[in-house]
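Residue numbers start at 1 and run along the sequence shown.
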Amino acid sequence: MSLNISEENLSTYDNTNKKTEEIVVRQYDEEKDKLAVEELEGQCDFGQRGQPSLFTDLMGDPISRIRNLPLHVMLVAEYGNDGDIVGVIRGCIKTVTRGNNGSTPCPVYVKIAYVLGLRVSSHHRRLGIGTKLVENLEEWSKINGAKYAYMATDSSNEASIKLFISKCNYAKFRTPSVLVQPVHAHYKPVASDIAIVRVSPQLSESFYRRIFANSEFFPKDIDHILDNKLNFGTFMAVPKKTLLNWDPKSGSFPTTFAILSVWNTKEVYKLQVRGVSSLKYACCLGTRVLDSWMPWLRVPSIPNIFKMFGFYLLYGIHMEGKDGPRLMKSLYAFAHNMGRNDKECRLLVSEVGFDDPIKEAIPRWNKFSWGDLWCMKKLDVNELSKDDNWMESQVSNSSSVIFVDPRDF
């Protein structure tokens with residue numbers, strides 16, 4: 001989308017510091033910046049030094065990760081007289097629920113900016129480039145009405161955490177868990193007494209607005225997500241005997257159920273694990289060969305994540321009733337089989353609140369999973385009302401449920 005932002009809002013200069021004087025932050029111009037941004041992105045792997053790293057391929061579209069949000073921007077940082085692009089950052093704005101502290105009716109919505117995709121050339125670190133990119137993105141966010149900004153990072157990413165907390169005044173806010181399950185060659189059976197029902201986007205919207213009214217980060221435009229071409233659908237697991245007394249089109253909930261939606265991230269970007277030893281590579285290959293040749297053994301094989309691959313993000317995850325955990329496991333088996341039939345899908349990924357009870361019902365491999373850290377900042381520091389401050393009023397009485405917007409992932 002076209003954003004009418006003046007150059008002085010996007011450029012930052014500090015005459016007291018020669019290094020800072022050479023940094024110019026401006027809006028991304030696809031026609032002239034695309035190749036330089038792709039080159040910069042190609043240099044950036046994620047991981048600890050000496051450990052395997054994760055490479056992201058945006059498939060020729062540098063703004064692919066924010067394109068599905070109606071209000072978004074990408075900024076680039078130029079350095080030196082030649083105007084080389086040495087940093088990029090992306091951001092988007094949406095309206096989400098902020099949870100409920102018991103004193104206000106639900107849902108309570110707030111306009112928030114999400115900061116993602118910050119990259120700085122390895123040859124231009126410690127020049128303040130990352131800080132300037134964040135500051136300019138925050139200014140754009142305030143101009144467009146955002147009250148808060150937040151970012152997400154691996155809890156072990158010390159450099160990113162230090163930048164946002166120590167230099168940009170963000171605060172640690174939530175610590176959700178990213179749960180990952182490999183997609184194997186063998187089929188995962190669904191119990192014979194369980195039915196998997198596909199729920200229409202309209203009915204899914206109605207269900208989700210009721211289920212997540214008290215949660216945090218539930219997007220007001222959930223209908224746009226459910227209607228998006230990247231959404232494979234919403235599915236509900238119920239005991240088959242429930243179908244005798246429950247009509248999915250009625251809009252009412254069955255007595256016990258599990259529900260989730262499937263998002264196709266592989267059309268947005270792909271991933272690749274790099275830096276694995278030859279021995280580990282051979283061991284992983286062996287598990288796949290055995291699983292492929294003898295699927296009835298149900299070998300817990302490791303998919304080929306050493307070549308470019310995609311994954312499905314499972315979101316809108318919820319269960320109710322005594323059979324909820326078993327129904328949820330059946331839903332994940334169903335989603336696994338969807339991925340199994342897709343040659344490019346290697347993983348199922350979910351993200352849930354650290355204390356969300358549903359966490360225990362979600363199948364995952366702990367070695368593939370990790371802890372996330374969400375940091376937040378109130379953009380308008382002049383508004384000091386505690387009742388209006390999400391960060392202060394919700395810390396002690398926040399919902400354990402976080403809705404993860406698949407467009408953010």
(message) Salt bridge or not between E267 and K229? Use side-chain N to carboxylate O under 4.0 Å.
(response) no
(request) Would you mind checking if R209 and E205 are paired as a salt bridge, meaning a charged N to carboxylate O distance below 4.0 Å? (result) yes
(message) Check E320 with R210, please: is the shortest side-chain N to carboxylate O separation under 4.0 Å?
(response) no
(request) Would you please name every residue forming a ring pair (Phe, Tyr, Trp, His ring centres under 6.0 Å) with Y28, sequence neighbours left out? (result) none
(message) Using the side chain to side chain contact (heavy atoms under 4.5 Å, CB included) criterion, which residues pair with K188? Sequence neighbours excluded.
(response) Q181, H184, H186, A333, H336, N337
(message) If only side-chain N and O atoms count, and only distance matters, is there a donor-acceptor pair under 3.5 Å linking E216 with W390?
(response) yes
(message) Please evaluate residues L314 and V349 with respect to the criterion side-chain contact (heavy atoms from CB on, under 4.5 Å), reporting the C-alpha separation (whole Å), side-chain torsions for both, the decisive distance (0.1 Å), and the verdict.
(response) CA-CA 6 Å; L314 308 187; V349 180; over 6 Å; no
(message) Taking the ring centre of each residue, are F403 and F212 less than 6.0 Å apart?
(response) yes
(request) Output yes when K147 and D380 qualify as a salt bridge under the 4.0 Å nitrogen-oxygen rule, no when they do not. (result) no
(request) Can you sort out the partners of D29 under side chain to side chain contact (heavy atoms under 4.5 Å, CB included), two or more places apart, ordered by chain and number? (result) R26, E31, K32, D33
(request) Would you please name every residue forming a side chain to side chain contact (heavy atoms under 4.5 Å, CB included) with E344, sequence neighbours left out? (result) K266, K270, D342
(request) Cation-pi check, R174 to F354: give yes when NZ or CZ is under 6.0 Å from the six-membered ring centre and within 45° of the ring axis, no otherwise. (result) no
(request) Kindly check if the number of other-residue, nucleotide or ligand heavy atoms within 6.0 Å of CD (E38) is above 12? (result) yes
(request) Answer with yes or no whether the side chains of S330 and R326 bring together a donor and an acceptor at under 3.5 Å. (result) no
(request) Can you run down the salt bridge (charged side-chain N to carboxylate O under 4.0 Å, His left out) pairs that involve residues 295-311, sequence neighbours left out, and say none if there aren't any? (result) none
(message) For Y150 together with F173, are the ring centres under 6.0 Å from each other?
(response) no
(message) Can you see whether F232 has R198 sitting over its ring - NZ or CZ less than 6.0 Å from the centre and within 45° of the normal?
(response) no
(request) Name the orientation class of the two ring planes belonging to F306 and Y281 (parallel below 30°, tilted from 30 to 60°, perpendicular beyond 60°). (result) tilted
(request) Go through the structure and list residues passing salt bridge (Lys or Arg N to Asp or Glu O under 4.0 Å) with D61, not counting sequence neighbours. (result) R67
